[in-house]
Protein chains: 2
Amino acid sequence: MEDQNKETGRIPLYRQIKQLIIHNIQTKHWKPGDFIPSESKLLDEFNVSRTTLRQAINSLVQEGVLESRQGKGTQVKIHPPGKLGEHSTIMFQEEGDQFYSRILRMEFSFTFFQAQKHLNVPENEKVFLFERVRMADGDPIAILQFYTPQHIGELLIKSDLHEHEPYAVIEENNGILKQATDWVSAVNATPHEADLLGIRGGESLVSISRLSYGIDEKPVEFSRTIYRADRFSYRVELAHN
Amino acid sequence: MEDQNKETGRIPLYRQIKQLIIHNIQTKHWKPGDFIPSESKLLDEFNVSRTTLRQAINSLVQEGVLESRQGKGTQVKIHPPGKLGEHSTIMFQEEGDQFYSRILRMEFSFTFFQAQKHLNVPENEKVFLFERVRMADGDPIAILQFYTPQHIGELLIKSDLHEHEPYAVIEENNGILKQATDWVSAVNATPHEADLLGIRGGESLVSISRLSYGIDEKPVEFSRTIYRADRFSYRVELAHN
DNA sequence: GTTTTAAACTTAACATAACAAGTTTTAAAT
DNA sequence: ATTTAAAACTTGTTATGTTAAGTTTAAAAC
């Protein structure tokens, strides 16, 4: 760590080290499952005290980015794509359901104002919308609207979204997701929604809005999904913390 | 810290310190909101290095038991009764709302089958139901059904449920809650529910079923609450761990 | 070749020291 | 009395050691 870092001061050294580690992960220098260099090697690379390095690493272990084991080493933790937390969002009644999606829209626009605001996208930049209907054994069960900033949207259209889940594409190209907030509520189906889902207008639907952040704390994805309430339940495990 | 602790070895010192701190909290020696002694005082009391003491304290801060602020001190964190996890269940639009409840039913019965099953109550024992309508500034916004095993129900009716929240009564008499599961879904209001909530029949409502467990891992409370969707949002914070 | 042993790695735990940066208390100045 | 400044607290950050405890590797013994 250079002197000017110590002198600029405001940002603690261990946080700067954290950022360097995160950068190595985001640039795929260290990939999920990889062992990062040992403490002694990182001490040489970063030129900080062991205390400081361990503070940075332990912090990332706490946040679920790294995983350390005594004697073995420290590796970048592997997470299933898009899976955050312990909640199991989708609880359909049958296991044998065949899932697939029917794409409704893939569109860049300046006018997705709510998503633009949540994603912190400047007004002169477009937002990408990816809209699908999710089917289970031929029945439509949910409408998914998936918004991302322009540069991520371009990544997505380059991939084959008919074949790959957007979460998987993002995590392969844009680093892993670290944190998200869900807002769960209920709405009455509009005639158009009822039409898509094959239900009567006014039926109750579960609405889930999600805002996801990457390990660099920047918003990655805003989505709104509405589920048929008769096919869906959202489970949350709660504990003190 | 005595020598035999260091020599028995297996349990790290900082974990032993953690246990001592927790013991002080459990025995109400240090109460929620209290500032615990400063680091220098605890160093004298425990006879360990600052590193070790801070490791114990920081660990408890991470777990949400303590809360430290530079320059001020470290205090035992206050958890609102019945509040588990980071989700903030109730997000009504205005801050100035005056909340109160109107009691509908307080009843012991053998026939609350769903609750009986979830609470693991034997068939020859009654289940207690406490049913209310929650009001915000005069508007009804939710119907709350609160089920407990018989012995807890008896505690509740002895307290003044017009004055005290059942969660608070339980945590004062029956220990704190440790874990809970929420199931969130959506339903259409029945005519009776619409009547109670002052809305049209068929309106969308958010339905939350909760099963709570105490420190002894036994079920304490099963509840079902339905909220007017226009006044309610359920927020969940998700993170890797 | 196989097993055993020791060495060389890894992270975990603990102590001591010094300084920085907030907050409160106290004493001084007005 | 009020304001100001200094001192005395508090937790936060960083450095430098040392020893312990797992895991892997390499050498030695068979």
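A note on names: the letters A, B, ... follow the listed sequences, proteins ahead of strands, and every chain is numbered from 1.
- In this structure N24(B) satisfies the side chain to side chain donor-acceptor pair (under 3.5 Å) test together with H29(B), sequence neighbours excluded.
- In this structure, the OH atom of Y14(B) is 18 Å from the P atom of dA20(D), given to the nearest Å.
- With hydrogens and angles ignored, a donor-acceptor pair closer than 3.5 Å exists between the side chain of T51(B) and the base of dT16(C).
- Closest-nucleotide positions on DNA chain C for G71(B) and P37(A) were compared, and the one nearer the 5' end corresponds to P37(A).
- With rounding to the nearest 0.5 angstrom, the OG1 atom of T181(B) is 9.5 Å from the NE2 atom of H118(B).
- Note that CD1 of I25(B) is 9.5 Å distant from CG of D34(B), once rounded to the nearest 0.5 Å.
- With salt bridges taken as basic N to acidic carboxylate O contacts below 4.0 Å, none links R210(A) and E221(A).
- Aromatic pair F128(A)/F112(A): ring centres not closer than 6.0 Å.
- Judged purely by atom type and a 3.5 angstrom limit, S59(A) has no side-chain atom pairing as donor or acceptor with the backbone of Q55(A).
- Note: CG (L53(A)) to C1' (dT10(C)) measures 13 Å, nearest angstrom.
- A straight line from CZ of R69(B) to P of dT23(C) spans 9 Å, rounded to a whole angstrom.
- Atoms CG (L66(B)) and P (dT10(D)) sit 16 Å apart, rounded to a whole Å.
- Put simply, CD1 on I57(B) is 12 Å from C1' on dT10(D), counting in whole angstrom units.
- Regarding E67(B), its CD atom lies at a distance of 16 Å from the C1' atom of dT10(D), rounded to whole Å.
- Taking the side chain as every heavy atom from C-beta outward, I21(A) and W30(A) approach each other to under 4.5 Å.
- Contact annotation for R54(A): base contact, defined as any heavy-atom pair under 4.0 Å involving a base atom.
- As a whole-Å value, the separation of L13(A) CG from dA15(D) C1' is 11 Å.
- Between K72(A) and S49(A), the one whose closest nucleotide on DNA chain D sits nearer the 5' end is S49(A).
- Between Q70(A) atom CD and dC14(C) atom P the separation is 11 Å, expressed in whole Å.
- At the phosphate of dA13(C), OP1 or OP2 sits under 4.0 Å from a side-chain N or O atom of Q55(B).
- At a cut-off of 3.5 angstrom, the base of dG12(D) holds at least one donor-acceptor pair with the side chain of R50(B).
- Phosphate proximity of dC9(D) to S40(B): absent, as no side-chain N or O sits under 4.0 Å from OP1 or OP2.
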Secondary structure of DNA chain D in dot-bracket form (Watson-Crick or G-U wobble, distances below 3.5 Å, | marking inter-strand pairs): ||||||||||||||||||||||||||||||
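- Neither OP1 nor OP2 of dT11(C) sits under 4.0 Å from any side-chain N or O of S68(A).
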